[in-house]
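Below, chains carry the letters A, B, ... as their sequence lines are ordered, and counting in each starts from 1. Below, all heavy atoms of this structure are taken into account, side chains as well, without hydrogens, waters or symmetry copies.
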Protein chains: 2
Amino acid sequence: MTDTHSKDPAQRLETSDIPLSQFLCFSLYSANHAMHRVYKPLLQKLGLTYPQYLAMVALWEQDGRLVGEIGARLHLESNTLTPLLKRLESLGFVTRVRDDKDERQVRIRLTGSGKELKRETTDFASCILAASGISLDELRDLQARIAALRDNLLQAAA
Amino acid sequence: MTDTHSKDPAQRLETSDIPLSQFLCFSLYSANHAMHRVYKPLLQKLGLTYPQYLAMVALWEQDGRLVGEIGARLHLESNTLTPLLKRLESLGFVTRVRDDKDERQVRIRLTGSGKELKRETTDFASCILAASGISLDELRDLQARIAALRDNLLQAAA
DNA sequence: TCTATATAAATCGTATACGATATAATCGTG
DNA sequence: CACGATTATATCGTATACGATTTATATAGA
């Protein structure tokens, strides 16, 4: 005989039973901050912030994207991206040009120095692997699980 | 005979070989944003932002903490916490009082309505579990792995 | 005791995030 | 072709984050 309102602790999941240290949201929040801190000294040499770096990675993968296309990759809107991309422009790493075919769109293109910057990131992956303190296989598995979680969360939020 | 400078792809780890979608940093970054989005409608009913909620969780666990003690839990400094806690104060959820023994310290205490707010978060854990799309066991495992990763990253950054 | 140092918060400047709105260009349908 | 609806980006206001500095207080050593 099962009771959906059972007091059996194994059947209940109440927020107050969980310490902050075991909140999934807090672990994500603080791990993201920690990753930010590991990247900071690496990125300071390039003169980039963390979100600016992610936008550059998106452009190194495929140059000449629209603002909205970069936003789709990074899950960001123009209200965040426009100022960020203007800063990358003033740093001389990208150009922002309205499309001739559709004047609503702004196409972002890497400059020479923007392209060159990529070379200086070659060893970032091994720096992060070392800082993560886990094996490459474990890191890949964790990354995939976190990405799957993100996709589920986005689906639920929509 | 192994060569540490081998060109064998299995031995190399270069940033440019990895698509943005497989960056651990990006998965953390975007999963954190996604979690934020899931929480937003839940928190709007309480009138709290996501970081404000985390500070409240820390206080529900132990009331009367100092600014610095909350910061140690959340990995935040007073430059972020002071304005946040002032907002919680103006919302009527906490009081901020300088300690009599040591006037440098500011002690944060929950008000009645701040304590009552906790009850309205009881079902958050099951909401997040449902939104995560994974089993409770898997969620706990993932949380622990992410927390361990965070600790390793913080150690490396220090 | 007096002062140099250390500590806890707060302040300031810059850069994300994001909801809401504005602006401009394009599209769809009559 | 006209014109309302849609789309792409930008702007604005508020709230984090965080490096650097400031302020106020406490402590330690000469």
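Within 4.0 Å (heavy atoms only), A:Asn79 reaches at least one base atom of the nucleic acid. Note on B:Gln105: only backbone sugar-phosphate atoms sit closer than 4.0 angstrom, heavy atoms only; bases stay farther off. Using a 4.0 Å heavy-atom cutoff across all strands shown, A:Arg98 reaches sugar-phosphate atoms only and no base atom. Residue A:Leu81 is out of contact with every strand shown, counting any heavy-atom pair closer than 4.0 Å. At the heavy-atom level, B:Arg107 lies nowhere under 4.0 Å from the strands shown.
Ranking C:dT16, D:dC18, C:dC18 by closeness to the A:Thr49 side chain, first place goes to C:dT16. Each of D:dA10, D:dC18, C:dA15 was ranked by its minimum atom distance to the side chain of A:Arg87; first place goes to C:dA15. Nearest to the side-chain atoms of A:Leu76 among the listed nucleotides C:dA17, C:dG19, D:dA10 stands C:dA17. With C:dT16, D:dT16, D:dA26 as the candidates, the nucleotide lying closest to the side chain of B:Asp102 is D:dA26. Here the side chain of A:Glu103 is nearest to one of C:dA17, C:dA25, C:dT16, namely C:dA25. Checked against D:dA15, C:dA10, D:dC18, the side chain of B:Thr82 finds its nearest nucleotide in C:dA10.
Using cut-offs of 30° and 60° on the angle between ring planes, the pair B:Tyr53 and B:Phe124 is tilted.
With hydrogens and angles ignored, the 3.5 Å screen pairs no side-chain donor or acceptor of A:Arg96 with any backbone N or O of A:Leu85.
Close to D:dT11, at under 4.0 Å from its OP1 or OP2, lies a side-chain N or O of A:Lys86. B:Tyr29 has a side-chain polar atom (N or O) that falls below the 4.0 Å cut-off from OP1 or OP2 of C:dA17. In this structure, B:Arg104 does not reach the D:dT27 phosphate: none of its side-chain N or O atoms is under 4.0 Å from OP1 or OP2.
Computed from coordinates, the B:Tyr53 OH to D:dT16 P distance equals 15 Å when rounded to whole Å.
Between the CD atom in A:Gln52 and the CG atom in A:Leu88 there is a gap of 5.0 Å [rounded to 0.5 Å].
Here the side chains of A:Leu142 and B:Leu142 are in contact, with some heavy-atom distance below 4.5 Å.
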